[in-house]
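A, B, ... follow the sequence lines: proteins, then strands. Residue 1 opens every chain.
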Amino acid sequence: MSIQVRNIHKQFGAFTALDDISLDFPTGELVALLGPSGCGKTTLLRIIAGLEQADAGQVLLDGEDASGTHVRDRQVGFVFQHYALFRHMTVFDNVAFGMRMKPRGQRPSEKQIAEKVHELLNLVQLDWLADRFPSQLSGGQRQRIALARALAVEPRVLLLDEPFGALDAKVRKELRRWLRKLHEDLHITSIFVTHDQEEALEVADRVVLMNQGHVEQIGTPEEVYRHPATPFVYGFLGSVNFFHGRVEGEGLRVGGDHLHHGVQGLGQGAEVVAFARPHELDIMVDGDAGDGVAARINRILAFGVTARVELDGINGATGQHFEVELTRERVAQLDLHEGQSVRLLPSRLSLFEQPHAARAAGAAR
Amino acid sequence: MAGATTLRLGAAADFGQTRFEARAATRETPLVKWLILGTALTFFAVFLLMPLIAVFVEALRKGWETYVTALVDPDALSALRLTLIAAAIALPLNLVFGVCAAWAIAKFEFRGKHFLITLIDLPFSVSPVIAGLIYVLVFGAQGWFGPWLAEHDIRIIFAVPGIVLATVFVTFPFIARELIPLMQAQGKEEEEAAVVLGANGLQTFWHVTLPNIKWGLLYGVILTNARAMGEFGAVSVVSGHIRGQTNTLPLHVEILYNEYQFAAAFAVASLLALLALVTLGIKTWIEHRAAAAYRDSQDDAS
């Protein structure tokens, strides 16, 4: 089933949680709503479910306005961050709950319910826990039971609110992969909310980036990561270095330093912020060349496959921190050591004009 | 007073405290320890245990026969019956009201919520005598509805309805006060989950809300019952002390005592004390069960 939201607006007192949001969620896709806490993503999800009422705007389920439809008639499956399992019921009863609550005419027999419950518990690979209580399960198990419970009423859409937010890193990674596989098997239109960019990029077909009640960008994980549309997206997806500067000739003036860069579409003297990912920066040791931003090496972290070099800006970019990712061979080849003065040379820069950029500076770090 | 009525779920915390005491590094000197313990135990013995024992000793001073005679006296039996009737009416009324009020306060936002919370506490904050007087002023012969009631031959003050009303009033807050913090702590996620799964309001309440609050609710019921049976002040004002008709057990004890029938007074008092002890026993058992349930739910939250 497709979901559309049209011009949704939601206000909590003086705080605008959602400001004129319009989005399309096509049938069968797994979409991530990604953003920092307080950006309105959970509110939007709860409005789609009907647990929250929008001040203005419409939610269309399968093209039909659902504003007047009660939550229990919307046929949505909802998975809560803290599971919200019924603590006094066994796993079996939890999963069976939705079917048992149906009006007498539509209610399946206990035998059919039992079959369905075991089918779902097998799907989440936890059939052996049917007689346990939620308090006897681990966090990961509880969330899988919660998912089975949501699927039991055969929802037309599945909404997941930070489903892995309360789990530890290892379990989270495991469940991510498992959720993706489950989605490929079932193909229910799904929306999940997360503040974890890695999770969103890894699991979703499409990512909707939200900030302060606005949609910043919509796209496939690759699109949003490779071509961030706004400084906020740049700062939010992965670590990033930024340079404040001014357009000058063919390049960029950053304090006393100069960066050669093909600048297009920006007027001379325009105030800009330039972004580069850690792997898009290179380090030059022979410091007096006319190109690059001067910096001093602060720390070299070489425990992974790649080495991470942390630097402090010294000339024009004083007080700023940079992060560069290099291969370990390259670090050895350049013979880098802490305290050394070097120059940073970006292989790729993305420029945004200042008014935009002011907002990003806060978000980037 | 409201604080004293809250269900304690501190079994887990108790565990932490025994560990705290067990470690040499965190232990107080024996002198301090025994001083505090001694003060508490002495106080307990003098002010609580001794009077309780005195009640039973005095009641049995003139032997079993006098004791039993005092209890099977028609007036005593009538007082017992009235006490049980008042409790039996006040309890379900306050049960329904308490659950409704707690549900409304814990799960919804509305105008005047704080006013409602304050209002619920009113019976705790005014003297029971005033509580009784309120009903005399409203329903008494010179009260607002007095003439109308007299015209229609309805008796409230100095009759059973007045006693029931006074009892309902003084026991009003127990259940609501017990449930509000419990329901607030539990939040509404489980209810939301139930509604999304297609349950209607009644099903949600019956299958999700009620099982989660049952121990707190039972605890509130016990407290309400204890207070309903033991209430003296408010009931005394509205009762009129008509023997065999509008006397409850506490009032009957007072009358006997004023008539120098000490053995009989203490015999009836011992009956009340026994009721209280049984209540206390049930309360302790519920606390124990509730603490176990609370521990489970804490595991659940972690």
Side-chain angles (χ1 to χ4, degrees), chain A residues 12-13 45-46 48-52 70-89 93-104 106-107 132-139 142 145-155 157-159 161 166-168, chain B residues 7 9 11-12 15 99 103 106-111 113-114 179 182-219 286 288-302:
Chain A
F12 291 111
L45 194 76
R46 289 173 62 86
I48 293 171
L51 291 171
E52 207 93 55
H70 194 278
V71 184
R72 64 172 158 267
D73 303 320
R74 289 196 186 189
Q75 288 178 274
V76 297
F78 201 98
V79 175
F80 295 82
Q81 179 177 4
H82 297 289
Y83 331 118
L85 291 174
F86 306 126
R87 64 194 101 178
H88 60 281
M89 292 184 201
D93 291 333
N94 261 284
V95 178
F97 185 84
M99 289 180 273
R100 285 179 178 158
M101 289 305 117
K102 285 192 174 162
R104 204 170 288 278
Q106 304 161 28
R107 196 184 307 159
R132 303 276 185 92
F133 284 91
S135 58
Q136 296 166 309
L137 309 184
S138 73
R142 284 180 211 176
I145 298 300
L147 195 58
R149 182 180 69 174
L151 291 172
V153 289
E154 292 173 358
V157 284
L158 195 56
L159 307 173
D161 182 13
L167 304 171
D168 61 60
Chain B
L7 177 55
L9 299 167
F15 178 63
V99 172
W103 167 276
K107 312 276 176 182
F108 300 99
E109 290 301 325
F110 55 89
R111 221 181 260 272
K113 184 162 153 173
H114 286 280
L179 293 183
L182 185 66
M183 287 170 108
Q184 276 172 339
Q186 284 174 348
K188 46 187 177 190
E189 260 201 352
E190 282 186 46
E191 275 91 359
E192 283 180 347
V195 174
V196 173
L197 288 168
N200 63 34
L202 196 66
Q203 286 172 321
T204 305
F205 178 76
W206 194 251
H207 293 288
V208 177
T209 310
L210 200 58
N212 278 340
I213 60 167
K214 67 177 174 210
W215 292 114
L217 185 63
L218 215 57
Y219 188 81
I286 287 174
H288 178 72
R289 291 299 307 263
Y294 179 72
R295 265 201 306 278
D296 283 351
S297 71
Q298 283 308 93
D299 290 349
D300 200 43
S302 63

Quick one: pull up [atom1] in [X] and [atom2] in [Y] and give me the separation to the nearest 0.5 Å.
X	Y	atom1	atom2	answer
B/Asn200	A/His70	CG	NE2	9.0 Å
A/Arg107	A/Met101	CZ	CE	7.5 Å
B/Glu190	B/His207	CD	NE2	14.0 Å

Minimum-distance pair of heavy atoms, taken over all atoms of B/Thr204 and B/Glu191: CG2-CG, 3.6 Å
Side chain, backbone, both or neither of [X] within contact of chain B (heavy atoms, under 4.5 Å):
X	result
A/Phe97	side chain
A/Met99	neither
A/Arg74	neither
A/Val76	both
A/Ala152	neither

Without swapping roles, check the side chain of B/Gln186 against the backbone of B/Asn212 for a donor-acceptor pair under 3.5 Å. yes
Under a 3.5 Å distance rule, please check whether A/Gln136 uses its side chain to pair with a backbone N or O of A/Phe133 as donor and acceptor. yes
Counting heavy-atom pairs closer than 4.5 Å to chain B, which one of A/Gln75, A/Arg46, A/Met89 comes out on top? A/Arg46
Residue, of A/Ala150, A/Ala84, A/Gly98, that accumulates the most heavy atom pairs under 4.5 Å with chain B: A/Ala84
